[in-house]
Amino acid sequence: MEETFANFSKFGDTKSTGKELDNKKFSKLCKDSGITGKLVTGTDIDIVFSKFKPKGGRVITIKEFCLILDELCVKRYPKKATLEEKKEAIRTLIAGKGPTTAGTTKVYEERSDRPFDRYEQVHWIAQGALWSGRQGQRAGGTRGCDRR
């Protein structure tokens with residue numbers, strides 16, 4: 001559980017020590033680990049986070065994280081018989097998880113790494129740019145707009 005907490009607290013922040021977690025990263029933890037669903041919504045997560053964070057603070061520590069999980073387990077697993085079973089189930093759910101980066105796109109180093117898309121071609125033609133015989137290159141040898 002501490003490993004999961006550290007993984008998400010360091011995600012996207014090179015200066016993080018891994019000992020504090022803000023609301024955005026906590027919400028990501030709940031979504032990526034499967035706590036969020038039909039029974040536990042994003043609003044529930046925000047409310048519980050606000051309930052347990054220190055007054056005037058924006059982050060939680062591992063101690064508050066454990067208390068939040070204890071509160072969320074009751075809502076996530078209503079059919080489990082005892083509180084201990086619910087706590088164990090939510091801890092096994094998040095054990096060893098890390099942040100996912102699904103849906104991210106490749107970042108191009110240079111504009112010349114990719115050909116023009118259809119919008120850019122139409123844009124250049126509309127401006128009266130001269131095209132050479134090669135696909136995606138202007139006659140002057142430069143590529144694309146000045147936008148970078």
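A quick note: this is a predicted structure, and the numbers were derived from the prediction, not measured.
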**Asked** Taking NZ, NE, NH1 and NH2 as the nitrogens, is one of them in D32 or K97 under 4.0 Å from a carboxylate oxygen of the other?
**Response**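 Looking at D32 and K97, the cut-off is not met.
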Close side-chain approach of [X] to [Y], heavy-atom, < 4.5 Å:
X   : Y   : value
R58 : N23 : no
V59 : L21 : no
L69 : K87 : no
E2  : I62 : yes
E71 : K51 : yes
T4  : S33 : no

**Asked** Can you hop from L29 to L67 via hydrophobic side chains spaced under 4.5 Å?
**Response**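 Yes; tracing contacts between hydrophobic side chains, which count when under 4.5 Å, links both residues.
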**In one Ile/Leu/Val/Met/Phe/Trp/Tyr side-chain cluster, 4.5 Å: L83, L39** =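 Unlinked, L83 and L39 end up in two clusters.
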First locate atom [atom1] of [X], then atom [atom2] of [Y], and finally report the distance between them rounded to the nearest 0.5 Å.
X   : Y   : atom1 : atom2 : value
C30 : F8  : SG    : CZ    : 9.0 Å
T61 : E20 : OG1   : CD    : 8.0 Å
Y77 : E88 : OH    : CD    : 10.5 Å
F49 : K25 : CZ    : NZ    : 11.0 Å
C73 : E85 : SG    : CD    : 11.0 Å
I35 : T41 : CD1   : OG1   : 13.0 Å

**Asked** Between F5 and F65, what is the ring plane arrangement, given parallel below 30°, perpendicular above 60°, and tilted in between?
**Response**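 It falls in the tilted class, 30° to 60°.
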**Message:** Between R76 and D44, is the salt bridge (Lys or Arg N to Asp or Glu O under 4.0 Å) condition met? List the steps.
**Reply:** CA-CA 11 Å; R76 175 71 167 86; D44 296 328; over 6 Å; no
**Request:** Verify, without hydrogens or angle tests, whether S16 (side chain) and D13 (backbone) share a donor-acceptor contact under 3.5 angstrom.
**Result:**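 No.
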**Asked** What residue among I90, V48, L72 forms side-chain contact (heavy atoms from CB on, under 4.5 Å) with V40?
**Response**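 In the set I90, V48, L72, the residue that makes a side-chain contact (heavy atoms from CB on, under 4.5 Å) with V40 is L72.
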**Request:** State whether the number of non-hydrogen atoms from other residues, nucleotides or ligands found under 6.0 Å of K75 atom NZ is greater than 12.
**Result:**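 12 or below, so no.
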**Request:** Over all heavy atoms of both residues, which pair between G42 and T36 is shortest? Give the atoms and the distance, please.
**Result:**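 In terms of heavy atoms, the two residues are closest at N-CG2, 4.4 Å.
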